[in-house]
Amino acid sequence: MGCPDTEEDATAAVTSAPTAFYPIGTPGKPWTDSERAQWKAGMKNQRSYKEEVLDKLEKLDSDVWEVVQYGALSQNPERYPLFAVKSRSWQGNKPSLLVTGGVHGYETSGVQGAILFLQSQAKYAKDVNILVVPCVSPWAYEFIQRWNADLKDPNRSFKKGSETEESKALMTYLEKLDVGDQWTCHLDLHETTDTDATEFMPAKHAEAGLMYEPETIPDGFYLVGDSLNGQLGFQEAVLANVRKVTHIAPPDDNGNIIDEPIVKDGIILVPAKMLGLCCSVTGGTYVSTTEVYPDSPRATDEICNEAQVASITGALDFVLSQQD
């Protein structure tokens, strides 16, 4: 199904929380190693990182893109190598863009949207230095999980002293690139899904011994910017391009999206660096986390992937307009 013709057609999708405590753990008691082992024992491999990611990277235009291995996960280094894709025509006098996907492995369009961008938008590499890391968390991609294999959230770990294996590998690689404060833009591609309310948030609360409360899952695309560097003109330009593909999430009855007040249609701001969000890792001029709702009756997998691509090209067009 396509997107609505107007923003008024979009509504917030409410997903009720489970009425019972998460199947693992006891209310009021944080998980011990026993509960964590129980959680890990229940994990099932559900898709192939090799077939859905690595095989596609091998087929990219090698005249435009260089595929670079920057690490591997210790769970299985041969199964989970970590790759970045870098434009070959890298020059110090051009603006530099970082795109990250799959920080939360279950959020499929973050990964597939990043790959689709590489497959379809090579023209931008002429004017911009582009680095794409399509799947930061390959274990979580295969197991369709928010946490990594150590029950840590990679998207709260992009700060010194709180690193996961996934975030540390990426931060180390970025430091070696030595782009420093010359990063112009960073988009981190994500999804907000119904399983946030039915599985991932209940598990997170249960690990701390807490009961999960109901929440509203936004129906549509929205952006999460940095409250210390909002750059609302940039955020609005990205959303304007995304609107050509899919609908923008409306606020809930309290004027919020995921419990944060909107500052513009489809835009919220949070302290990204303090939270350890991936979008804060470069300190770039223009940064944002994209969020698309794949469970919307108005969305398909293809629309979600195309919306992620539209966010990247919208960001690039804005950045290039500022160079004139």
Side-chain angles (χ1 to χ4, degrees), residues 13 15 17-18 20 22-25 31 35-59 71-83 100-116 118-119 132-157 164-167 169-170 188-207 212 217 278 290-297 299-308:
T15 302
Y22 191 73
I24 299 173
W31 285 4
E35 283 85 11
R36 293 187 181 92
Q38 184 181 351
W39 181 87
K40 289 187 71 171
M43 295 300 99
K44 295 181 180 179
N45 187 304
Q46 301 185 60
R47 56 188 176 186
S48 171
Y49 172 58
K50 179 183 184 302
E51 293 177 2
E52 297 187 16
V53 179
L54 301 184
D55 288 353
K56 293 180 180 179
L57 298 187
E58 287 184 359
K59 298 175 182 177
L73 296 186
S74 61
Q75 289 90 8
N76 189 330
E78 291 186 2
R79 187 177 185 92
Y80 300 125
L82 301 170
F83 284 98
T100 45
V103 174
H104 287 148
Y106 74 105
E107 296 170 358
T108 306
S109 72
V111 176
Q112 297 304 324
I115 294 172
L116 181 59
L118 291 167
Q119 293 169 331
V132 177
V133 185
C135 192
V136 173
S137 302
W139 180 91
Y141 183 82
E142 285 202 333
F143 285 79
I144 311 185
Q145 289 297 320
R146 180 182 180 92
W147 283 334
N148 68 5
D150 299 318
L151 284 77
K152 301 297 183 183
D153 185 340
N155 204 34
R156 299 296 184 274
S157 69
T164 61
E165 191 172 1
E166 293 83 356
S167 66
L170 179 56
D188 187 31
L189 312 183
H190 284 256
E191 295 179 345
T192 304
T193 72
D194 285 349
T195 50
D196 287 338
T198 60
E199 170 60 27
F200 302 120
M201 291 299 104
K204 176 183 177 180
H205 284 70
E207 189 198 18
Y212 174 67
I217 303 297
C278 182
T290 72
E291 298 281 356
V292 67
Y293 179 50
D295 300 305
S296 173
T300 63
D301 291 346
E302 291 75 18
I303 286 174
C304 291
N305 294 342
E306 290 168 3
Q308 302 284 19

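The structure displayed is predicted, hence computed values, not measured ones.
- A search for side-chain contact (heavy atoms from CB on, under 4.5 Å) contacts involving Asp301 returns nothing, not counting sequence neighbours.
- The closest donor-acceptor contact from the side chain of Asn305 to the backbone of Gln112 lies at 3.5 Å or more, if one exists at all.
- The closest side-chain heavy-atom distance from Arg146 to Glu199 is not below 4.5 Å.
- Residues Thr192 and Val292 fail the side-chain proximity criterion, which asks for heavy atoms closer than 4.5 Å.
- A heavy-atom distance below 4.5 Å is not found between the side chains of Tyr22 and Tyr212.
- Judged purely by atom type and a 3.5 angstrom limit, Gln308 uses its side chain to pair as donor or acceptor with the backbone of His190.
- Scanning all heavy atoms of the two residues, the minimum distance from Val133 to Val136 falls at CG1-CG2, 3.8 Å.
- Side chains of Thr193 and Glu107: a donor-acceptor N/O pair is absent below 3.5 angstrom, by distance only.
- Val53 places none of its side-chain heavy atoms less than 4.5 Å from the side chain of Phe83.
- Residues forming a side-chain contact (heavy atoms from CB on, under 4.5 Å) with Pro77 (at least two apart in sequence, or on another chain): Ala72.
- Across Leu189 and Gly113, no two heavy atoms sit closer than the pair CD1-C, 4.4 Å.
- Remark: Asn148 pairs with Asp150, Lys152, Pro154, Thr164, Glu166 by the side-chain contact (heavy atoms from CB on, under 4.5 Å) rule, at least two apart or across chains.
- Listed by chain and number, the residues in a side chain to side chain donor-acceptor pair (under 3.5 Å) with Lys204 amount to none (sequence neighbours excluded).
- Side chain to side chain, Glu191 and Thr108 fail the donor-acceptor criterion of an N or O pair below 3.5 Å.
- Here Arg36 pairs with Trp31, Asp33, Leu151, Glu207 under the side-chain contact (heavy atoms from CB on, under 4.5 Å) rule; sequence neighbours left out.
- Interatomic distance, CD of Gln46 versus OH of Tyr141, reported as 11.5 Å (0.5 Å rounding).
- With sequence neighbours left out, the ring-ring contact (aromatic ring centres under 6.0 Å, His included) criterion links Phe143 to Trp139.
- From Ile115, atom CD1 reaches atom SG of Cys135 across 7.5 Å, with rounding to the nearest 0.5 Å.
- Among pairs with a residue in residues 42-57, those fulfilling salt bridge (Lys or Arg N to Asp or Glu O under 4.0 Å) read Lys50-Asp55, at least two apart in sequence or across chains.
- How far CG of Leu73 is from CD of Gln75: 5.0 Å, rounded to the nearest 0.5 Å.
- The side chain to side chain donor-acceptor pair (under 3.5 Å) check on Ser137 picks up nothing, with sequence neighbours excluded.
- Every residue meeting the side chain to side chain donor-acceptor pair (under 3.5 Å) condition with Asp196, not counting sequence neighbours, appears here in chain and number order: Tyr106.
- In this structure, Cys304 SG and Leu116 CG are separated by 12.0 Å, a value rounded to the nearest 0.5 Å.
- A donor atom on one side chain and an acceptor atom on the other are found under 3.5 Å apart for Asp188 and Thr100.
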(message) Using the rule given for side-chain contact (heavy atoms from CB on, under 4.5 Å), can you reason through His104 versus Gln145, listing the C-alpha separation, both sets of side-chain angles and the distance that settles it, and then say yes or no?
(response) CA-CA 7 Å; His104 287 148; Gln145 289 297 320; over 6 Å; no
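- Counting heavy atoms from C-beta on, the side chains of Leu54 and Glu58 never come closer than 4.5 Å.
- In this view, Glu142 and Arg79 satisfy the salt bridge (Lys or Arg N to Asp or Glu O under 4.0 Å) rule, not counting sequence neighbours.
- Not a single side chain to side chain donor-acceptor pair (under 3.5 Å) links Lys40 to another residue, sequence neighbours left out.
- Put simply, the side chain of Pro138 reaches to within 4.5 Å of the side chain of Leu82, judged on heavy atoms.
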